[in-house]
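In what follows, chains are A, B, ... by sequence order, proteins preceding strands, each numbered from 1.
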Amino acid sequence: MAKRTQRRPAKRDEPPPPPPPPSGRPPGDEGMPPPPGTTGRYLVLFERGATAKAPDTLNRLAGLSVASSADFAGGIAASGDMGGADAVMFQDLGICVTAAPPEQTRLLGVAAAETGILAVEPERIVYVSGSEPGGAPGLPEMPGFPGLPDLGHASAGSVLPLDYLRGYRDAVNALYEKLSTGAEVADAGMTPSLASEVEITWGLQATRVPASQFTGKSIRVAVLDTGMDVGHPDFVGRVIKTASFVTGEPVQDGHGHGTHCIGTSCGPKRPQTMPRYGVACEAEIYAGKVLSNSGSGGDGGILAGIQWAIDNKCVVVSMSLGGPVQPGQSFSQVFEHAARRALLAGTLIIAAAGNDSRRPQTIRPVSHPANCPSIMAVAAVDRNFGTASFSNGGLNPQGGQVDIAGPGVSIRSSWPRPALYRAIDGTSMATPHVAGIAALYAESDASFRGRVLMSMLTQYARRLSASARDVGAGLVQAI
Amino acid sequence: MPKIRLSLSVGDEHLADLAGIAGAARKAGMDVEHQHASLGIVTGSIEAGKLDALRRIPGVAAIEEERQVGVAPPGSDLQ
């Protein structure tokens with residue numbers, strides 16, 4: 001098979017590549033060995049949509065000749081052979097491996113954003129687990145304790161480096177000190193560091209919404225609830241479609257719950273009164289009234305609302321509603337059918353886990369219909385990332401688990417006129433955080449729909465110290 | 001006889017024939033209010049004594065009495 005190696009030199013009518021930028025390395029360091037743990041090669045990551053032009057881009061920016069991974073059916077990583085090319089492009093992965101000298105590769109790192117290059121990083125050396133050099137080779141395992149060295153028949157210092165043992169001793173002592181004095185062991189990366197709420201609510205900060213480049217633009221988000229105050233000043237100029245599935249009641253929110261949930265999922269970037277409280281600030285709002293102004297509704301109205309959302313190609317359906325479920329009780333077959341078929345149509349249903357618990361004494365199971373396997377169940381956490389006292393837990397098998405958590409304590413959002421704003425608690429408030437963030441993911445990639453979208457939300461959730469029973473995969477994070 | 005409100009879902013293999021199943025449900029005594037084609041679900045009401053006839057319709061996968069769901073009253077701080 002002919003290799004599709006591209007060896008074109010840089011075009012003659014283009015200026016030669018600029019000289020490499022100054023670096024900390026001394027001149028003539030090309031022969032220096034690569035930093036420890038790296039191979040000396042580099043990985044260049046391209047964004048989706050830029051991979052087809054990647055060989056041209058690499059050639060133009062750094063004069064690299066690029067081969068395709070398709071030419072190396074037997075694999076190239078083991079031998080390091082690139083068939084004479086400077087780099088090999090893995091089209092499916094959007095990654096190029098290059099063996100070009102650092103000063104040449106550096107040209108890619110300073111390239112402009114429109115080249116589609118997301119990152120350039122050194123290729124790392126990886127090992128089969130347990131085979132790292134510098135470990136404790138040759139030691140037999142302790143009987144009954146796989147993975148631990150058997151020190152019973154050897155002088156430890158003769159087979160294990162003393163530095164290693166000293167570090168081990170110090171770590172155990174430090175752990176003992178902390179535990180014996182009652183202090184918590186540091187929980188790196190799992191504790192919040194939130195700024196004040198003057199500009200942005202704590203919930204948006206904790207879910208990293210402000211840093212997202214996405215706004216939910218052109219993504220349709222259905223919120224099935226008590227309706228919406230469609231005249232709320234924070235929503236002037238927004239795309240809002242409404243429908244009421246409550247007999248005799250218009251969509252205008254006579255309760256407040258629906259307006260609050262829509263505010264969290266789809267509120268504006270700059271509300272009339274700060275702080276910002278809304279996630280998908282450019283999403284298209286589909287306000288379906290399935291709960292009456294007194295806050296109640298039946299399965300029939302909810303199913304009609306879900307059908308309406310699918311008919312309108314809503315990517316996300318946010319349902320901050322539910323009915324209590326007993327321990328051991330199964331989920332609804334009808335709602336599971338509906339949710340599964342919605343996923344196939346590209347519509348993800350996200351529902352509140354429920355507020356029936358009174359922790360720590362009482363934990364109640366996830367409510368209907370969030371307990372369906374094909375519906376995402378959302379628990380609530382407070383600003384310390386602890387499980388909210390009222391938040392239901394994943395007690396029942398077969399879909400009764402919590403899938404993910406969102407901010408659900410002291411959540412400020414929109415409220416019908418004349419109040420305009422209000423801070424309240426509930427898994428109802430956590431749910432639209434997840435729904436709004438789902439819209440950001442959906443905007444970022446048109447393939448993030450249905451089950452894929454569900455998987456992205458859980459996969460990128462921030463793991464917490466709280467148990468999976470209570471917070472599922474963890475705290476939802478914006479993309 | 002009082003009627004109960006219910007929702008009925010059809011099996012995957014009968015999704016294309018939702019209208020036919022809804023027709024059979026009507027004949028069995030169901031007051032069909034909505035047919036949700038994308039969901040494969042029919043909602044409405046029926047006299048409790050006629051539920052068995054509904055269950056015998058080929059293609060019906062599940063029948064459930066309507067549950068009430070809700071949220072706390074507007075004044076509550078826990079929603």
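- In this structure, B:Asp31 does not pair ionically with B:Arg26, as no charged nitrogen and carboxylate oxygen lie closer than 4.0 Å.
- Using a cut-off of 4.0 Å between Lys/Arg side-chain N and Asp/Glu carboxylate O, A:Glu197 and A:Arg412 are scored as not salt-bridged.
- Only the side chain of A:Leu291 has a heavy atom closer than 4.5 Å to any heavy atom of chain B.
- Ranked by heavy-atom pairs under 4.5 Å with chain B, the first of A:Gly408, A:Gly426, A:Pro369, A:Gly298 is A:Gly298.
- In this structure, chain A has a heavy atom under 4.5 Å from the side chain of B:Leu15, while its backbone stays farther away.
- Only the side chain of A:Asp311 comes within contact range of chain B, with at least one heavy atom under 4.5 Å from a heavy atom of that chain.
- Looking at A:Thr427, A:Asn355, A:Asp356 one by one, the single match for side chain to side chain donor-acceptor pair (under 3.5 Å) with A:Asn392 turns out to be A:Asp356.
- Aromatic ring orientation, A:Tyr277 versus A:Tyr421: perpendicular (interplanar angle above 60°, classes split at 30° and 60°).
- Only the side chain of A:Ile302 comes within contact range of chain B, with at least one heavy atom under 4.5 Å from a heavy atom of that chain.
- Looking at B:Glu65, only its backbone comes within 4.5 Å of chain A, counting heavy atoms on both sides.
- Between A:His255 and A:His257, the angle of the ring planes goes over 60°, which puts this pair in the perpendicular group of the 30/60° scheme.
- Taking B:Ser76, B:Ser9, B:Pro74 one by one and counting their heavy-atom pairs under 4.5 Å with chain A, the maximum is reached by B:Pro74.
- Contacts between A:Ala345 and chain B at a heavy-atom distance below 4.5 Å are absent for every atom of the residue.
- Annotation: cation-pi geometry not satisfied between A:Arg358 and A:Phe390 (NZ/CZ under 6.0 angstrom from ring centroid, within 45° of ring axis).
- Judged by distance alone, the side chain of A:Thr226 and the main-chain N or O of A:Gly258 form a donor-acceptor pair under 3.5 Å.
- For the options A:Ser320, A:Ser428, A:Gly297, A:Gly256, heavy-atom pairs under 4.5 Å to chain B are most numerous at A:Gly297.
- Between chain B and the options A:Ala423, A:Gly300, A:Cys261, heavy-atom pairs under 4.5 Å are most frequent for A:Gly300.
- For A:Trp308, no part lies under 4.5 angstrom from a heavy atom of chain B.
- Note on B:Ser7, B:Ala62, B:Gly70: by heavy-atom pairs under 4.5 Å with chain A, the leading option is B:Gly70.
- Interface remark: B:Arg67 contributes backbone and side-chain atoms alike to the contact with chain A (heavy atom separation under 4.5 Å).
- Looking at A:Ser292, neither its backbone nor its side chain comes within 4.5 Å of chain B, counting heavy atoms on both sides.
- Look at B:Asp12 and A:Arg340 and you find a salt bridge, because one of the NZ, NE, NH1 or NH2 atoms lies within 4.0 Å of a carboxylate O, short of that distance.
- For the pair A:Arg422 and B:Asp77, the salt-bridge criterion is met [side-chain N within less than 4.0 Å of a carboxylate O].
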